[in-house]
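Throughout, protein chains are lettered first and strands after them, A, B, ... in sequence-line order, and every chain is numbered starting at 1.
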Amino acid sequence: MLQLQVIRENKEEIIKALSKRNLDASSLLDNILQLDEKRRAVQTQLDAALAELNSLSKEIGMLFKTGKAQEANLLKEKTGTLKEDSKKLGEDLNTTAEELQALLYQIPNIPHISVPAGSTEDDNEEVFKEGNIPTLSGDALPHWELAKKYDIIDFELGVKIAGAGFPVYKGKGARLQRALISYFLDKNTEAGYKEIQVPHLVNEASGYGTGQLPDKEGQMYHVGADDLYLIPTAEVPVTNIFRNEIVNQKDFPICLTGYTPCFRREAGSYGAHVRGLNRLHQFDKVEIVRVEHPSKSYEALNGMVEHVKEILRDLKLPYRIIRLCGGDLGFTAALTYDFEVFSTAQDRWLEISSVSNFETYQANRLKLRFKDEHGKSQLAHTLNGSSLALPRVLAGILENYQTPEGIKIPEVLIPYTGFNMIN
RNA sequence: GGAGAAAUGGCAGAGUGGUCGAAUGCGGCAGUCUUGAAAACUGUUGAGGGUCACACCUCCGGGGGUUCGAAUCCCUCUUUCUCCGCCA
């Protein structure tokens, strides 16, 4: 959420920046500024009424204390209309503030200066590419065929138990997945991220804190009886650790990593591109989250990008990094780098990580602040990234590491799997 | 699930209708002293709105009510603790 004060002072710049998202925010911002002005005017009136009421009350108290009950009772009568007024003003203030809030929730984050203009993923900018794309024999299979061939992932069984998009991992498939999780967590821990385990269901306030609500309401599974949401990413519970917190500046950088399953309804996305592990309702992910001083957040973002690179180098997977264009950029992000692994057998790139800086957008919703050197509280910056999303890494490994004899296991994973071949 | 108790500032903990945004202790910050540190002493130290700056307003778990006046009384929700039951 953008800060009102920033909107007040930079309306034109914001409109211009948001046009990169193909959004014309001018009338929205005008409405906001108008409501903001109204809100402050009503607040001023209410404050004045309350101030008078307060001083009358004090006076009455004094009069009673000194035994002048008659005078006190006279004053009492004067409070009636003041109370009525302040009640009305209070109601007016509440509705105005709510309307204002609802509008503020509709504005996405301002794209970073480096974000390219554009409307679809075709306008994203490739910024880095590394790794060798293996040449596979002609009978190379996509991962869903390999999964069947070696009996390591059972999609049909998942359908029986839950539905499409809930695969069952079996035997060496399950073990490989667990190995990846452990490896990622170890790698992140070595890089200074503190491992934590968090709830997999979150309340509404948390959903608003990181911006999934109200923007992506329909994308999350909702448990109606308890009014909780299944997390679509660990970002939500992990970042919400800091909701309503004022952290110590000395604690920066705050670096956390956590493994969670992720649940996404993925309403409306069906078709050939979602076969196999490509798009699931439930999948595993290891996430890294950082809370940073505003002056350090882009340095931190680059650090996170380098970290994910290193993991992919370790796994010897061919990948590229793209900078998302304005049209593809997530609602809450200022700048996002996506990592994509080339899946040889499918002949396409699969997104396996998304690393973003949210600047103060989430922090403003979360009320996540820190005390600066002058003792003033300021909004912190939040960042996060996947390191990594499991299914597509798994797909990439299965497809790129397949041989006529079976699927080889990347060397760094062998200590975790205990085997070096799926056959 | 049943019965009871509680929720106050970073933490601990007072405060049962008026001058309480809130005693006191610890912690934090600044200073004095010291070669330096510790100790001791002194001062300072919640958040938000509002203002050029003041004034002023709001907040004692959330919401509502009583009252001229609520941290304090009432209702309700949530959470925590104790006991009982059940249970991975």
Here's a test of your reading of the structure: between G61(A) and R39(A), which maps to the more 5' nucleotide of RNA chain B? G61(A)
Is it the case that the ring center of Y193(A) lies less than 6.0 angstrom away from the ring center of H307(A)? yes
Atom-to-atom span, CD of E84(A) to C1' of C68(B) - whole angstrom: 14 Å
Kindly say whether, by distance alone, the side chain of D47(A) makes a donor-acceptor pair under 3.5 Å with the base of G49(B)? yes
Quick one: which of U58(B), C68(B), A47(B) gets closest to the side chain of I60(A)? C68(B)
In the structure shown, which nucleotide is the Watson-Crick or G-U wobble counterpart of A40(B), with both distances under 3.5 Å? U32(B)
P spacing across the pair C33(B) / A38(B), given as an integer number of angstrom: 15 Å
Whom does A88(B) pair with, Watson-Crick or G-U wobble, provided both distances fall under 3.5 Å? none
Heavy atoms under 4.0 Å is the rule here; annotate nucleotides 7-12 of chain B 5' to 3' with B where the base is hit, S where only the sugar-phosphate is, and - elsewhere. ------
Taking CE from M62(A) and P from G17(B), how many angstroms apart are they, rounded to a whole number? 19 Å
Given G49(B), A47(B), G18(B), the nucleotide with the shortest approach to the side chain of R369(A): A47(B)
Whole angstrom is fine here: how far is it from CD in Q5(A) over to C1' in U51(B)? 13 Å
From NZ of K376(A) over to P of C29(B), roughly how many Å is that when rounded to an integer? 21 Å
Nearest whole angstrom, please: distance from the C1' of A47(B) to the CD of E245(A). 13 Å
Give me the distance, rounded to whole Å, that separates G43(B) from G25(B) when you measure between the P atoms they each carry. 11 Å
Between C41(B) and A55(B), how far is it from one P atom to the other, in whole Å? 33 Å
Give a yes/no on whether any side-chain N or O of S86(A) is located under 4.0 angstrom from OP1 or OP2 of C57(B). no
From CA spacing to verdict: side chain to side chain donor-acceptor pair (under 3.5 Å), Y298(A), E359(A): CA-CA 9 Å; Y298(A) 279 95; E359(A) 298 189 5; 2.3 Å; yes
Can you tell me if K371(A) touches the phosphate of G46(B), counting only side-chain N or O atoms and a distance under 4.0 Å to OP1 or OP2? no
Does this structure show an ion pair linking E306(A) with K309(A), if we count only N-O contacts that are shorter than 4.0 Å? yes
For L228(A) and U79(B), give me the distance from atom CG to atom P, rounded to whole Å. 10 Å
Any strand, both distances under 3.5 Å, Watson-Crick or G-U wobble: G10(B) pairs with C26(B)
With respect to the side chain of S377(A), which nucleotide from A47(B), G65(B), C57(B) is positioned closest? A47(B)
Who is the Watson-Crick or G-U wobble partner of G48(B), with both distances under 3.5 Å? C57(B)
What nucleic acid atoms does L82(A) come within less than 4.0 Å of, heavy atoms only: base, sugar-phosphate, or nothing? nothing
Ring centre gap for F370(A) and F252(A) strictly below 6.0 Å: yes
By the Watson-Crick or G-U definition, both distances under 3.5 Å, C81(B) is matched with G4(B)
C1' gap between U82(B) and G46(B), integer Å: 31 Å
Taking the P atom in each of G1(B) and C87(B), what is the distance between them to the nearest angstrom? 15 Å
E235(A) side chain to Q362(A) side chain, donor-acceptor N/O pair below 3.5 angstrom: yes
Are the side chain of S206(A) and the backbone N or O of N240(A) linked by a donor-acceptor pair below 3.5 Å? no
Between C81(B) and C75(B), how many Å separate the two P atoms, rounded to a whole number? 24 Å
Show, in sequence, the C-alpha distance, side-chain angles and deciding distance for Y208(A) and Y105(A), and conclude whether the ring-ring contact (aromatic ring centres under 6.0 Å, His included) test is met. CA-CA 9 Å; Y208(A) 273 94; Y105(A) 277 139; 5.2 Å; yes
Protein-nucleotide distance (N54(A), atom CG; A70(B), atom P), rounded to Å: 8 Å
Choosing from G65(B), U67(B), U51(B), which nucleotide comes nearest the side chain of R40(A)? U51(B)
P-based separation of U8(B) from U66(B) [nearest Å]: 27 Å
Rounding to an integer number of angstrom, what distance separates A22(B) and U58(B) when you compare their P atoms? 14 Å
Identify the nucleotide, in any strand shown, that forms a Watson-Crick or G-U wobble pair with C20(B), with both distances under 3.5 Å; if there is none, say none. none
Pair Y221(A)-H281(A), side-chain donor/acceptor within less than 3.5 Å: yes
Specify the residue among T79(A) and L50(A) whose closest nucleotide of RNA chain B lies further upstream toward the 5′ end. L50(A)
Considering the options I311(A), V341(A), V286(A), which one meets the side chain to side chain contact (heavy atoms under 4.5 Å, CB included) requirement together with L388(A)? I311(A)
Take E287(A) and T260(A) through the test side chain to side chain contact (heavy atoms under 4.5 Å, CB included) and record every step on the way to the result. CA-CA 8 Å; E287(A) 187 80 359; T260(A) 68; over 6 Å; no
Distance check needed: G62(B) P versus R243(A) CZ, whole Å only. 14 Å
